[in-house]
Undergrad: 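Let me give you the structure first, and then I'll get to my questions.
The sequence lines fix the lettering, A, B, ..., with proteins before strands; numbering per chain opens at 1.
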Amino acid sequence: MNNKKIIIFFFPFLLSSCIKESEIKIPSIKSKLVVNSLFTPDSSFTVYVNHTTKVYDTSKTYIDNATVQLFSNGGLIETIISMGNGLYKSNFYPTANTEYEVKVKANSYDDVEAINYIPQKVQIQDAYWVIKGTDEYGDPIHETTVIFNDPPDEENYYEVILLQRIDSSHYIYYGNYTEQPINDPAILAEGDWDYKPTTFFFSDNLFNGKQYSLKIPGGGGSFDNDSTSVNGTYAVLKTVSKEYYLFRKYWTRHYFNQNNDQHLDDPLTLLFLGEPIEMYTNVQNGYGIFAGYSQAMKKLKYISK
Amino acid sequence: MKKQLIFLAFHFSLASYIQAQTFTISGFVQDAETKERLISANVYDNKTLKGTYTNNFGYFSISFNKGDSMDIAFSYISYEKQVIPFIIKGNIFLNINLKAGNKLKELLVTGNNDNIEKRTEMSVIEIPIKQIKSLPLLMGEADAMRAFQLMPGIQSGKEGSSGIYVRGGSPDQNLFLLDDVPLYYVSHIGGFISTFDVDAINNIKLYKGGFPARFGGRLSSVVDIRMKDGDMNHRRYSYTLGLLSSKLSFEGPIKKDTSSYFISLRRCNLDLITRPVSLLANNYNAWGGYNFYDLNIKLNRKLSDKSRLFFSFYSGRDKIFINAWDVSSANATEYKYKFKSNIKWGNLMGNVRFNHIFNTKLFCNLTLSFTKFFYSTAISSDKIDKIASSTLQKESLIFNSGVHDYFAKFDFDYYPNYNNKIKFGADAIYHTFLPGISSFKESGSNTSMTDTTSGSGNIYADELNLYIEDELKISKKFSANIGFHSSVYIVNDAKFPAIQPRVSLNYLLTDNLSVKGSYAEMKQYIHLLSNSGAGLPTDLWMPATNKLAPENSKQVAVGIAQTIMFKSPIEWSIESFYKLMDNQIEYKEGTSFLTGNQNWENKVEINGHGKIYGVEFLIQKKEGVFTGWVGYTLSKNTRQFDKINNGIEYPYKYDRRHDLSLVANYQINEKISLSGSWVFSTGDAITLAQYQYPVFAFEATNSTVVNLFEYAQIYNGRNSSRMPSYHRLDLGVTFTKIKKKGVRTWNFSIYNVYNRQNPYFLYYKKNNSGEIKLYQLSLFPFIPSVSYSFKF
């Protein structure tokens with residue numbers, strides 16, 4: 001807030017500025033394969049195969065003629081078939097605590113491969129939301145608590161999202177909470193809140209082997225609070241691999257600092273934008289993410305203060 | 001160390017022996033009219049060119065053998081040379097008054113002890129204030145730092161910034177000394193102009209390498225600025241009206257030939273426009289703006305021929321202010337809301353200096369001083385019951401941060417004989433760092449009282465420095481400046497001692513051609529955490545601690561220099577340098593001042609290394625109707641951190657392979673002078689996306705839950721791309737007229753004459769056709785400006 005006022009002064013300079021297309025020539029480098037797959041025991045294996053392109057290239061990037069092989073414990077499980085548009089879908093359902101490997105080959109591209117596993121699911125013990133107070137406009141401030149027991153003696157990584165179920169098969173993602181303050185120690189310790197993360201991801205560094213009550217903004221509002229209805233707001237606790245966690249963490253910071261026009265109307269952010277950072281990948285010789293997770297879901301209760 | 005002490009003891013004994021064979025000519029060199037002491041004026045025998053130069057207080061001392069006959073010349077740039085014949089029969093003390101010369105008259109110079117090849121020092125730049133004022137102006141404002149940016153080895157930061165990057169160092173690695181006292185924050189308007197008002201400066205000198213042992217505390221440069229003392233004989237006034245600021249200065253004798261004063265005030269004009277405009281724009285419910293000021297005061301008094309007392313004071317402050325109010329009604333009561341916000345930052349500096357000449361060979365200066373950098377934010381809001389006239393609620397939030405230092409310092413100049421000029425001294429500094437503290441207060445008739453304070457407390461540190469240097473003439477052709485700067489810094493329980501050797505060598509190959517070399521180690525006990533590059537007050541000064549070790553540098557330079565004699569001398573030099581820096585800090589990848597809501601120590605990568613090397617070329621004509629220079633630097637500047645760019649060395653953001661400046665002034669006649677400058681540099685190194693690929697992403701909008709594709713960008717390494725080259729032409733013309741009551745000057749300048757759109761920021765964006773294109777944002781197009789000044 002204070003710094004925004006400092007930047008008021010810079011507006012005249014920005015107003016007197018001019019914008020034109022840059023003459024920089026981007027050097028050509030060899031395109032690489034991109035493999036994306038987030039797998040969970042609740043769904044069959046899917047893999048997206050694409051290739052890298054120049055930033056201003058808007059042509060399709062998917063590859064449908066790749067050879068995508070899925071391995072476990074050194075043995076081939078399946079050569080996954082293409083469904084078109086870069087999607088390769090298997091009928092195989094992965095299980096927790098098993099290591100999977102994907103190998104992809106396609107025409108002139110370098111072969112790529114990646115390994116990961118699905119951590120054991122951690123159940124939600126309890127989940128509820130409360131009205132903490134009102135904001136400056138008199139609107140209620142909601143806070144959700146998600147309670148779970150962290151397994152002892154192991155590094156665990158989590159991601160929490162809130163969903164609203166609108167019918168038997170559809171949920172709405174509950175977002176836009178990054179404008180609200182957060183006080184949860186595990187989230188604060190990640191240091192990612194300023195980068196406007198779209199989900200809550202964190203490690204168990206602060207509560208290894210203990211029960212933890214995660215407190216996050218949101219959870220109520222216009223959602224259905226009828227305890228007998230299946231519709232309503234749900235908390236999803238994903239137990240994720242370290243690679244999944246790094247993917248989410250890097251993506252949040254990477255996206256915030258990208259070379260695009262998202263901050264152009266905000267001179268404050270523009271002036272103090274951090275250096276861009278490369279995106280995390282665990283795909284050897286290529287790009288993308290191959291990571292597993294398991295998830296638990298629980299409907300939120302409303303608790304009046 | 002023991003060996004060094006024995007060497008010094010021997011050296012002093014020898015000097016005392018030689019002293020018995022000689023007599024000394026000593027005294028001050030000063031302006032004939034104002035009695036302003038002239039710094040670095042030359043004093044030399046016209047026949048043999050044996051000589052010396054005045055110190056920062058205009059004092060000189062030079063020894064000759066009994067019975068020597070000589071013509072001692074006293075000279076200074078833009079002043080008429082004075083030659084006095086002497087036969088040495090005993091010690092002589094005298095004050096030399098030099099008259100300002102006529103610039104239109106080309107002086108025949110046959111040889112000069114001050115020529116670049118004769119000087120032991122290297123990597124030093126001195127631009128006369130007159131020349132700084134005659135350069136094309138930006139927004140009507142002459143700026144010393146902007147002039148230095150045109151010299152080889154010195155680069156500007158972002159467009160329009162007056163910050164300097166010396167031989168690849170960052171702005172915090174420059175030591176700015178105003179009358180011997182460091183200033184921490186030297187910019188106004190986010191770096192647009194520097195805090196140094198050229199009308200208040202007597203002399204300014206920049207060391208970019210080969211640092212003499214008397215300086216310490218920063219890695220990359222020392223900018224030694226001396227304020228004017230004030231005219232001892234006449235009262236003088238001047239005022240300047242510019243687009244950006246207005247200035248007023250007055251000086252004169254308090255008691256003729258005994259004491260004088262100098263006062264200058266510069267004030268920004270911007271708020272004179274923003275106050276009424278903001279009031280109108282907000283329906284008379286709010287007004288605000290920005291301003292700054294600089295106040296320089298100098299008093300000096302001759303206590304005797306041998307003693308003098310100086311008092312210097314500087315206060316500079318930038319301020320952003322907003323005042324707003326509103327009235328609303330509820331439940332038949334009318335409420336008034338008042339909101340006030342003030343953000344202030346700046347420097348405060350004061351010192352008292354006492355000069356004393358113990359004897360013709362020993363000059364002493366004692367300095368007691370303080371310096372303070374402050375940043376504060378004060379926000380308050382009141383809710384008032386208009387009918388009852390009572391304050392229902394009052395809230396205030398105050399944030400303060402800064403640094404203050406107290407100094408005590410002794411400096412001695414000892415001139416044992418012609419071949420040695422020894423400087424030694426010591427200082428003690430008590431630092432107080434306030435990283436940032438907030439207090440929130442809430443009170444009122446319908447609310448409970450709250451008074452909370454949070455943030456980091458003060459950090460205290462002590463620093464002690466000792467130095468000794470000897471500028472010695474080893475032979476007729478070979479001279480050197482050898483010294484040591486020793487320091488110890490104590491913070492909390494940590495102690496950081498250091499001995500920093502300094503050597504400068506000069507060897508005359510011919511009468512007007514020399515080779516030079518230097519080696520300097522420097523230590524810096526303070527870090528600046530900054531990622532804007534704009535010189536904003538939000539930059540965080542932090543002390544070295546156990547976790548953040550002091551910064552070190554080692555710099556070696558070699559060069560060649562020559563003065564070619566024409567009607568006026570033309571100097572040229574080539575210097576190459578190699579600089580290594582350790583314990584550098586940098587924001588962690590992706591982190592910035594605004595992001596990564598953590599303690600500052602957790603936001604930084606430490607133990608970084610810097611490597612800079614390059615060659616600088618300068619050809620310069622300092623005197624005559626046509627003056628100017630051509631400066632060119634070829635350099636490479638890299639950084640390496642274990643946790644940045646995968647540990648791989650990467651180009652520093654201001655790594656510019658080529659940097660060229662052409663500067664010219666032409667005095668058509670006594671009334672009109674023209675000036676121009678053209679700069680060209682390689683584009684800044686940037687981290688620019690080159691390729692992209694799709695990734696999973698969760699949209700933070702109320703959409704159906706799907707794993708959508710977003711695009712990750714591939715940069716191929718930090719700062720691996722280049723902005724387009726930077727170039728710009730500035731032109732100026734100055735009209736001077738002697739009026740009945742004084743001298744009137746108009747200056748018209750044009751910045752960026754051919755409207756080059758130099759890139760400031762690059763970004764990708766989809767255009768109206770749906771194509772993704774790379775765009776550049778440019779600042780400062782063609783900018784004309786005018787300023788008017790009158791001196792009487």
Undergrad: Contact part of A:Thr46 toward chain B, heavy-atom cut-off under 4.5 Å: side chain, backbone, both or neither?
TA: neither
Undergrad: For chain B, find which of A:Thr252, A:Ile289, A:Thr52 contributes the most heavy-atom pairs closer than 4.5 angstrom.
TA: A:Thr52
Undergrad: Using non-hydrogen atoms only, which part of A:Val34 is less than 4.5 Å away from chain B: side chain, backbone, both, or neither?
TA: side chain
Undergrad: Tell me whether the centres of the aromatic rings in B:Tyr711 and A:His254 are closer together than 6.0 Å.
TA: no
Undergrad: Would you say the side chain of B:Gln776 lies within less than 4.5 Å of the side chain of A:Lys20, judging by non-hydrogen atoms?
TA: yes
Undergrad: Where does the angle between the aromatic ring planes of B:Phe696 and A:Phe247 fall among parallel (under 30°), tilted (30 to 60°) and perpendicular (over 60°)?
TA: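 If you compare the ring of B:Phe696 with that of A:Phe247, the planes turn out perpendicular.
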Undergrad: Can you say whether A:Asn36 sits under 4.5 Å from chain B via the side chain, the backbone, both, or neither, judging by heavy atoms?
TA: both
Undergrad: Which distance, rounded to the nearest 0.5 Å, do you find between the CD1 of B:Ile714 and the OH of A:Tyr287?
TA: 4.0 Å
Undergrad: Using heavy-atom distances under 4.5 Å, tell me whether A:Thr53 contacts chain B through its side chain, its backbone, both, or neither.
TA: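 Answer is both: backbone and side chain atoms of A:Thr53 are under 4.5 Å from chain B.
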Undergrad: CG of B:Asn716 to CD of A:Glu278: how many Å apart, nearest 0.5 Å?
TA: 6.5 Å
Undergrad: Hey, are the side chains of B:Leu774 and A:Tyr56 touching, using non-hydrogen atoms and a 4.5 Å cut-off?
TA: no
Undergrad: How many angstroms lie between CG in B:Asn645 and CD1 in A:Ile277, if you round to the nearest 0.5 Å?
TA: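 Rounded to the nearest 0.5 Å, the CG-CD1 separation comes to 12.0 Å.
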Undergrad: Write down the atom of B:Tyr693, the atom of A:Gly288, and the distance for their closest heavy-atom approach.
TA: CE1-N, 3.7 Å
Undergrad: For A:Lys249, give me all partners under side-chain contact (heavy atoms from CB on, under 4.5 Å), at least two apart in sequence or on another chain.
TA: A:Glu190, A:Asp192, A:Phe201, A:Tyr245
Undergrad: Tell me if the OH atom of A:Tyr250 is crowded by more than 12 foreign heavy atoms within 6.0 Å.
TA: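 Incorrect, the count does not exceed 12.
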Undergrad: Examine whether an atom of B:Arg718 lies under 4.5 Å from a heavy atom of chain A, and if so say whether it belongs to the side chain, the backbone or both; otherwise answer neither.
TA: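 The answer is the side chain of B:Arg718.
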Undergrad: Sequence neighbours left out, what passes side-chain contact (heavy atoms from CB on, under 4.5 Å) with B:Lys773? Give chain and number order.
TA: A:Glu21, B:Asn767, B:Glu771, B:Tyr775
Undergrad: So, for A:Gln258 and B:Ala712, which heavy atoms are closest and what is the spacing to 0.1 Å?
TA: NE2-CA, 3.9 Å
Undergrad: Are more than 12 heavy atoms from other residues, nucleotides or ligands located less than 6.0 Å from atom NZ of B:Lys340?
TA: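 No, not enclosed.
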